[in-house]
Amino acid sequence: MAKNKQKTKQNTISQAPSLSQTGGFSAPKVSDNNFTMSPITVYITLAACVIIAFAAGFSNGFVNWDDQMYATENIMIQNPSFANLIRLLTVECALNYHPLTVASLWLNSALFGKAASSFIVVNTLIHLFNTFLIFRFSQQLTSNNTLVSFLVALFWGIHPMHVESVIWVSERKDVLYTMFFFLACIQYVKYLKTSEQKLLIYCFILFVLSCLSKAMAVVLPMVLLLIDYWFDKGFLTVKNITSKIPFFIVAVLFGALAVHVQGGGNLGGLLEKMTLDVALSDALSFGDRIKFGFYGFLVYIFKLFIPINQHNFYAYPNADQYGAIQYITAPIWSIVILGGAAFFYRRQKEVFFGIMFFFFTIVLVLQFLSVGGAILAERYAYIPYFGVFFMVFYWLNQKVASKNTLIVGSSIVAIIFMYLTYKQTLTYKDTGTLFANSYKYEPTSPVVNENLANHFGRSGEIDQVIRYGEYAASKGVQSYALMGALANAYYLKGNMPKALELYQKSIDNSPNHRKFVAYYNRGIANRDAGNFAQSAEDFTKAMELGQDKVAYLPLRAFANLKANKFKEAYDDYTKMITIGIAVDTAYNDRAVARYSLGDTEGAIKDLREVMKRNPNYKDARENLIKLGIQP
């Protein structure tokens with residue numbers, strides 16, 4: 001009788017460590033129950049499902065939600081020269097320092113062009129490769145259980161919550177750091193099985209590459225400890241921790257760098273700043289951070305199973321809602337879940353491993369340290385969802401007697417998820433669709449209203465700019481983009497005093513590399529308001545701060561002329577003639593400046609030069625007649 005019981009136990013799962021022929025450890029064994037699927041069939045099926053789910057996003061455009069910093073307005077990506085690649089490696093971008101990510105965008109632009117589709121397709125291909133890595137890693141953890149590994153990879157690859165990481169161009173960092181992250185995990189498992197030190201070195205190198213792609217990779221040392229646990233090598237033992245000291249050192253360094261940069265730092269001038277504001281916030285009390293952090297923890301789990309009401313900006317509640325039941329009770333439910341994981345530490349390893357993998361890989365973005373203005377973000381669930389999917393399908397494989405039932409049920413849910421992913425990709429078609437979708441769920445969010453105002457400003461829908469922009473401004477938004485959009489709207493409405501006031505705010509809030517736009521726009525407004533001297537100064541600033549140092553030279557020359565600053569106008573028109581900008585106009589208007597300076601002969605000479613070049617130039621003809629000269 002005892003022998004039969006022991007035999008039954010061995011047929012379900014072996015939790016004890018077993019030494020492989022090379023002297024390492026093997027994974028817990030899970031029966032496939034005669035389920036067979038060749039590796040090539042697995043990869044083809046995964047590829048087909050992922051491509052079908054995400055293909056609708058291939059024709060999307062850029063969105064003005066960080067894409068301008070990473071691509072559309074980043075001169076180093078738009079002009080992918082080698083010199084710009086070197087410069088990229090020392091640039092902070094969107095309050096992040098991830099040189100490998102921006103280098104990949106540079107390479108993307110150089111090889112495949114600057115269209116949004118090229119970046120999106122490459123993102124998707126990296127995501128597909130990550131899905132293959134998930135399959136391989138799951139095989140390692142399950143002693144090559146094809147069914148469990150396939151289902152984990154399939155659901156991870158097609159999940160609607162991953163759309164933000166894949167279809168949004170700016171999230172190249174997500175798919176890239178994940179690739180190196182799971183490659184590192186795979187190498188570490190190989191190291192455990194063979195004890196070859198070179199594999200541990202490979203793991204370390206891949207970890208560094210992951211950190212250079214996105215700072216969230218710093219949690220890898222904790223994941224390696226979980227892998228130790230899974231293979232029965234203990235968990236938080238002194239030996240396990242000390243063996244990973246180099247990993248923890250790198251994690252601390254990259255973590256400190258991320259906090260420094262997101263707090264507005266530039267490494268003492270070593271990094272070129274592209275962003276004026278900061279991401280870190282201390283507006284919330286410690287208690288509120290705990291509530292909102294654990295609330296996000298629960299929402300991420302909920303949306304893994306029921307991915308509904310998705311959008312790109314989950315705003316914090318208003319202050320009068322901080323005491324709502326869902327926030328107060330969130331820490332309690334979260335502790336229950338984490339406590340449950342601890343309860344199963346020795347009873348069911350997949351539960352502890354899965355929940356703690358999820359927690360370790362998402363804890364840094366649970367808003368315990370407030371970053372940005374969102375309570376949660378779908379992109380943060382990209383790696384963490386592996387842990388829960390692994391736990392669920394590992395457990396189902398043991399509990400569902402009929403594998404056909406598991407396969408059919410999973411297929412139905414997978415089809416639903418693929419459809420939801422398809423629909424979600426369409427919300428990223430452009431900035432308008434992205435924030436129109438968010439507006440359905442966050443109509444009072446200043447950030448959502450601000451971005452809608454900016455979008456309508458670019459499309460010329462002035463009344464909509466004022467509608468959404470004034471609401472955002474009333475809630476305290478003073479960003480340079482919003483102030484600029486509102487200023488342009490009031491300029492087009494003819495309200496010059498209001499426009500000039502807002503242009504000044506746009507200048508005050510612009511990062512240095514964007515100030516030239518606000519100065520240019522204000523220069524136009526001052527010119528049209530008759531403030532010619534101020535207009536000339538604005539165009540001077542625009543030329544000093546912009547990439548093209550002569551782009552606004554004709555505008556400044558005209559403003560100087562109208563402001564009776566004839567010497568400055570003369571110098572500008574002379575420069576225009578020298579470099580070949582609007583030469584006929586430059587000669588004619590320089591003649592006006594020379595005449596006003598008392599140089600009548602010089603004026604006549606310039607006017608005759610115009611007539612020689614262009615006999616039909618009306619203004620020059622009339623000016624010569626006024627001077628008593630027959631053209």
Side-chain angles (χ1 to χ4, degrees), residues 46-67 70-71 101 116-131 134 152-179 214 216 296 299-314 361-362 365 372 374-386 388-389 413-442 448 451:
L46 289 175
C49 292
V50 169
I51 296 301
I52 290 171
F54 287 92
F58 292 175
S59 60
N60 288 357
F62 293 106
V63 294
N64 272 56
W65 181 241
D66 286 359
D67 280 358
Y70 282 100
T101 292
S117 57
S118 75
F119 295 93
I120 295 170
V121 169
V122 171
N123 275 13
T124 306
L125 292 176
I126 299 174
H127 171 67
L128 176 58
F129 183 68
N130 291 342
T131 304
I134 293 287
V152 171
L154 174 65
F155 276 83
W156 187 88
I158 64 171
H159 200 278
M161 285 283 283
H162 290 346
V163 169
E164 182 169 276
S165 294
V166 179
I167 297 299
W168 186 15
V169 172
S170 295
E171 279 310 299
R172 170 65 59 83
K173 52 187 176 288
D174 246 21
V175 294
L176 195 64
Y177 103 92
T178 297
M179 180 180 74
K214 187 173 183 178
M216 275 184 71
V299 173
Y300 286 122
I301 295 175
F302 173 82
K303 284 183 177 283
L304 180 142
F305 296 102
I306 308 176
I308 58 174
N309 299 339
Q310 289 183 248
H311 52 287
N312 75 305
F313 191 81
Y314 294 79
T361 54
I362 208 167
V365 290
I375 195 170
L376 58 98
E378 294 175 3
R379 60 190 178 275
Y380 294 152
Y382 191 62
I383 281 182
Y385 273 4
F386 165 78
V388 183
F389 279 132
V413 178
I415 291 171
I416 294 172
F417 276 17
M418 288 172 66
Y419 173 70
L420 292 174
T421 296
Y422 162 82
K423 285 187 61 180
Q424 186 64 13
T425 62
L426 299 178
T427 66
Y428 279 81
K429 182 175 179 60
D430 56 40
T431 310
T433 57
L434 182 66
F435 284 98
N437 178 60
S438 285
Y439 190 79
K440 292 187 297 186
Y441 307 105
E442 303 285 356
V448 173
N451 280 276

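Numbering starts at 1 and runs along the sequence shown.
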Which heavy atom in [X] sits nearest to a heavy atom in [Y], and how many Å separate them?
{"X": "Asn64", "Y": "Thr431", "result": "N-OG1, 2.8 Å"}
{"X": "Ala414", "Y": "Leu154", "result": "CB-CD2, 4.1 Å"}
{"X": "Ser438", "Y": "Val448", "result": "CB-CG2, 4.0 Å"}
{"X": "Thr425", "Y": "Gly57", "result": "OG1-N, 3.8 Å"}
{"X": "Val175", "Y": "Asn130", "result": "O-ND2, 2.9 Å"}

For this session: Measure the shortest side-chain to side-chain distance between Tyr385 and Phe155 over non-hydrogen atoms and say whether it is less than 4.5 angstrom.
Result: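 Not touching, per the 4.5 Å side-chain cut-off.
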Problem set entry | side-chain hydrogen bond (donor to acceptor under 3.5 Å, both in side chains), paired with Lys214, selected from Thr178, Thr101, Asp174 |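 Among the candidates, only Asp174 passes.
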Problem set entry | Thr131 (side chain) donor-acceptor with Ala153 (main chain) under 3.5 angstrom |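 A pair under 3.5 Å: no.
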Exercise. Do you see a donor-acceptor pair shorter than 3.5 Å between the side chains of Tyr382 and Glu164?
Worked result: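 No pair is found: no donor N or O on one side chain lies under 3.5 Å from an acceptor on the other.
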Exercise. Ring centroid separation for His159 and Phe389, is it under 6.0 angstrom?
Worked result: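 Yes: the rings meet the under 6.0 Å criterion.
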Problem set entry | Centroid-centroid under 6.0 Å between Trp156 and Phe417 rings |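 No; Phe417 has its ring centre 6.0 Å or more from that of Trp156.
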Exercise. Between Tyr428 and Trp168, what is the ring plane arrangement, given parallel below 30°, perpendicular above 60°, and tilted in between?
Worked result: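 It falls in the tilted class, 30° to 60°.
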